[in-house]
Amino acid sequence: IPVLFLDSLKDKPTSQLLSKLNEDNNIGLSREEITELVTYIHGYPPSAFFAINQARSYGKDLLMSDKSSLVQFSSKKFIGYLKEKLLNNDLSTFLSVLAVFSPLPLQVLSAINNDNKLTHKILYNLIDNSLITTDTYNNYKISAPIKRAVNDLYKFPDTEILQKVIASLKLYIDDAEDEKKLDLSRVLFRMGSWLNDEDSINKGITFRSDYIKMLEQAYHQREYDKAISYGFDAIKEAPTNPRARSYLVRSLIQIEKWEPAKQQIKAMYEFAEKRDIYYLEGFLERKQGNIQNAIDAFKESEKNGRKSPDIKRELAHCYLLNEEFSLADKYIIEAMEREPDNNHVVDMAAKISIMQKNESEALKRLNILKALDDSEYYYLRSSTYHFTFGRYNEAIISAKKAINMASGNFFSARVQYIKSLIKDKQFLVALAELNQLDVDFKKSRHDVRYALRCSYFMEQSEYKDAYIQANKMIDKSSK
């Protein structure tokens with residue numbers, strides 16, 4: 001069968017497609033709103049049609065206030081495609097590098113495995129399956145529509161691999177023609193920033209958008225210290241960019257930097273939408289353990305126009321923490337009715353069923369989650385499921401798999417692993433993991449770590465030591 005390769009649309013034709021669909025369907029999107037949506041379409045025409053259908057069904061304000069449905073739409077489509085292709089480790093390594101650091105030339109990509117023949121074979125395979133493409137200068141880049149799916153499905157590239165790539169890239173840029181250097185120098189800057197390579201940072205070039213890209217990338221990799229550093233760089237370049245400020249605030253909250261987070265939220269009152277400010281305030285309050293304050297903030301966000309599934313999920317989470325199960329069910333069902341294939345929503349639904357000890361419903365929701373998102377998050381939730389019903393060995397296996405699929409900074413999975421080891425009476429292993437957790441997270445998550453040690457001693461009937469650990473716990477909202 002003849003095959004015609006079609007590259008993803010550039011920004012201008014994507015904007016033109018959205019404008020035509022907007023006009024034909026009388027949606028009323030402004031030029032600025034269309035420009036904003038282009039970023040989320042990633043040159044994938046079905047996403048443009050999906051965006052217009054969302055606006056027609058739910059209103060343009062709801063679409064613009066939460067674009068996660070657009071990301072979910074394309075990501076889920078391509079995750080299925082990637083799984084169907086059953087890519088081996090060599091192919092997935094090349095894809096994972098290009099998903100975060102595109103474009104790169106052939107000579108640089110060859111450094112990944114030091115085997116030119118194998119590199120050629122891999123690139124032919126990836127191009128034949130429409131997973132990568134070439135730019136004007138014959139550098140290779142990820143096909144834009146599948147970028148998010150690759151990030152969701154595969155690990156972030158190993159540091160060892162990136163060290164090989166960056167060394168080769170520096171040499172290549174030194175000898176490259178001037179017109180080829182711009183995009184490659186931007187990649188060099190981003191990779192150098194990730195690896196803390198000062199020479200590459202100095203040799204590289206950065207645009208304002210690069211800081212925001214690095215900020216989001218670090219946040220999703222749970223590298224919150226890096227995200228904060230990039231975030232402050234980003235808001236220096238773009239002080240009124242709500243996206244940059246939002247990721248900075250969330251990064252600060254994740255490592256319990258409450259006061260700096262509050263200061264950044266306060267600054268947002270000058271330029272951001274109230275619904276987004278209230279949402280971040282709710283996120284801050286929940287993380288501090290002030291659940292009723294979080295509920296109030298999330299409801300204010302909802303009143304001010306944030307009607308997306310994420311607000312329903314957050315409210316469900318808060319009511320779950322308050323053990324108000326009927327309200328938790330109410331909100332998570334509303335979220336699932338809106339987006340039944342949103343893995344974050346299904347994950348929260350499974351968590352609610354697990355905490356209610358409804359084993360059959362929990363298993364049903366877990367199976368849906370596995371079909372949607374067979375990632376570290378599924379295995380973390382699978383571990384909590386087995387743990388709740390007393391299957392501690394299965395809980396250990398699932399938690400360990402979650403850690404291996406993610407990285408050492410997946411705090412929740414490591415906590416779940418230690419909890420399972422303690423209940424399974426594997427005290428020596430649990431103690432070693434506890435000690436390492438203290439080293440890796442010495443500046444944050446104090447109460448969780450003290451609570452784990454308390455459980456460790458309680459399980460061995462060492463009540464005096466447990467009491468000492470319990471007394472170390474503090475009110476997080478006072479920090």
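Every value quoted in this text rests on a predicted model; they were computed, and no experiment measured them.
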Undergrad: Rounded to the nearest 0.5 Å, what's the gap from CD on E359 to CG on L366? Could you check?
TA: 10.5 Å
Undergrad: Could you pull out all residues at least two apart from T14 that satisfy side chain to side chain donor-acceptor pair (under 3.5 Å)?
TA: none
Undergrad: For F427, does the CZ atom sit with more than 12 other heavy atoms under 6.0 Å from it, leaving out its own atoms?
TA: yes
Undergrad: Can you confirm whether more than 12 heavy atoms, excluding those of E23, are under 6.0 Å from its CD atom?
TA: no
Undergrad: State, yes or no, whether a side-chain contact exists between Q254 and Y219 at a heavy-atom distance under 4.5 Å.
TA: yes
Undergrad: Under 4.5 Å between any side-chain heavy atoms of Q264 and L252, yes or no?
TA: yes
Undergrad: Write down the atom of I422, the atom of A430, and the distance for their closest heavy-atom approach.
TA: CG1-CB, 3.9 Å
Undergrad: Which heavy atom of S102 sits nearest a heavy atom of L98, and at what distance?
TA: OG-O, 2.5 Å
Undergrad: Could you tell me whether the side chain of N25 and the main chain of I27 form a donor-acceptor pair under 3.5 Å?
TA: no
Undergrad: Please tell me whether H220 and Y247 form a close aromatic pair, meaning their ring centres lie under 6.0 Å apart.
TA: yes
Undergrad: Tell me the closest heavy-atom pair linking R306 and I311, and the distance in Å.
TA: O-CG2, 3.5 Å
Undergrad: Please find the pair of heavy atoms, one from A395 and one from H386, that lie closest to each other, and give the distance.
TA: N-CB, 3.7 Å
Undergrad: Above 12 or not: heavy atoms from other molecules or residues under 6.0 Å from NZ of K226?
TA: yes
Undergrad: Salt bridge (Lys or Arg N to Asp or Glu O under 4.0 Å) for K330 and E334? Distances and angles first, verdict last.
TA: CA-CA 6 Å; K330 171 184 177 293; E334 286 179 14; 3.0 Å; yes
Undergrad: So which heavy atom on A413 is nearest to which on A402, and how close?
TA: CB-CB, 4.0 Å
Undergrad: Using side-chain heavy atoms (C-beta onward) and a distance below 4.5 Å, is W194 in contact with E223?
TA: yes
Undergrad: Can you check whether H344's main-chain N or O pairs, donor with acceptor, with N342's side chain at less than 3.5 Å?
TA: yes
Undergrad: Pairing donors with acceptors under 3.5 angstrom, does anything connect the side chains of S444 and E256?
TA: no
Undergrad: Using a 4.5 Å cut-off on heavy atoms from C-beta on, say whether the side chain of K299 contacts that of L315.
TA: yes
Undergrad: Apply side chain to side chain contact (heavy atoms under 4.5 Å, CB included) to residues F283 and I253 and explain how you reach the verdict.
TA: CA-CA 8 Å; F283 185 62; I253 291 170; 3.6 Å; yes
Undergrad: For residues V415 and L452, determine if any side-chain heavy atom of one lies less than 4.5 Å from a side-chain heavy atom of the other.
TA: yes
Undergrad: Please check: side-chain N/O of S383 versus main-chain N/O of Y379, any donor-acceptor pairing under 3.5 Å?
TA: no
Undergrad: Is any side-chain heavy atom of L369 less than 4.5 Å from a side-chain heavy atom of R381?
TA: yes
Undergrad: Distance alone, cut at 3.5 Å: any donor-acceptor contact between the side chains of R365 and S353?
TA: yes
Undergrad: Taking R245 for the side chain and P239 for the main chain, is one N or O donor matched with an acceptor at less than 3.5 Å?
TA: yes
Undergrad: What do you reckon, are the aromatic ring centroids of Y463 and F457 less than 6.0 Å apart?
TA: no
Undergrad: Using a strict cut-off of less than 4.0 Å between a Lys/Arg side-chain nitrogen and an Asp/Glu carboxylate oxygen, indicate whether E300 and R275 qualify as a salt bridge.
TA: no
Undergrad: Go through it in stages, so that I can follow the logic: the residues are L215 and I228, the test is side chain to side chain contact (heavy atoms under 4.5 Å, CB included), and I'd like the CA-CA distance, side-chain angles, deciding distance and then a yes or no.
TA: CA-CA 7 Å; L215 164 58; I228 290 165; over 6 Å; no
Undergrad: Under the 3.5 angstrom rule, does the side chain of S301 hit a backbone N or O of A297 as a donor-acceptor pair?
TA: no
Undergrad: Hey, what do you get for NE2 (H317) to CD1 (I332), rounding to the nearest 0.5 Å?
TA: 10.0 Å
Undergrad: I want to know whether Y230 and Y211 have ring centres closer than 6.0 Å.
TA: no
Undergrad: Once side chain to side chain donor-acceptor pair (under 3.5 Å) is applied, do any residues pair with S193, and if so which ones, sequence neighbours excluded?
TA: none
Undergrad: Between atom CD of Q416 and atom OG of S382, what is the distance when rounded to the nearest 0.5 Å?
TA: 9.5 Å
Undergrad: Check whether any side-chain heavy atom of Y392 sits under 4.5 Å from a side-chain heavy atom of F387, and report yes or no.
TA: yes
Undergrad: Using distance alone, with no hydrogens and no angle criterion, decide if N358 and Q356 have a side-chain donor and acceptor under 3.5 Å apart.
TA: no
Undergrad: For the pair R453 (side chain) and Q469 (backbone), establish whether a donor and an acceptor sit closer than 3.5 Å, ignoring hydrogens and angles.
TA: no
Undergrad: Between Y385 and F389, does the ring centre distance come in under 6.0 Å?
TA: yes
Undergrad: I need the Q460 CD to D465 CG distance, nearest 0.5 Å.
TA: 9.5 Å
Undergrad: Between E281 and N293, is there a side-chain donor-acceptor contact under 3.5 Å, judged purely by atom types and distance?
TA: no
Undergrad: Check whether the side chains of R31 and N22 place a donor and an acceptor atom closer than 3.5 Å, and report yes or no.
TA: no
Undergrad: Take K351 and D347 through the salt bridge (Lys or Arg N to Asp or Glu O under 4.0 Å) test and state the conclusion after the steps.
TA: CA-CA 6 Å; K351 184 174 182 177; D347 180 49; over 6 Å; no
Undergrad: Could you walk me through whether E339 and R313 pass the salt bridge (Lys or Arg N to Asp or Glu O under 4.0 Å) test, one step at a time?
TA: CA-CA 11 Å; E339 285 191 12; R313 186 191 73 238; over 6 Å; no
Undergrad: Does R445 make a cation-pi contact with F411, if we ask for NZ or CZ under 6.0 Å from the ring centre and within 45° of the axis?
TA: yes
Undergrad: Before giving the answer on salt bridge (Lys or Arg N to Asp or Glu O under 4.0 Å), spell out for E302 and K307 the whole-Å C-alpha distance, their side-chain angles and the decisive distance to 0.1 Å.
TA: CA-CA 6 Å; E302 198 172 29; K307 309 291 185 186; 5.7 Å; no
Undergrad: What I want to check is whether the side chains of D440 and Q436 have a donor and an acceptor closer together than 3.5 Å.
TA: yes
Undergrad: Considering only heavy atoms from C-beta outward, does the side chain of S412 approach that of F410 to under 4.5 Å?
TA: yes
Undergrad: Tell me the closest heavy-atom pair linking Q221 and N409, and the distance in Å.
TA: O-ND2, 3.1 Å
Undergrad: Are the ring centres of Y331 and Y319 closer than 6.0 Å?
TA: yes
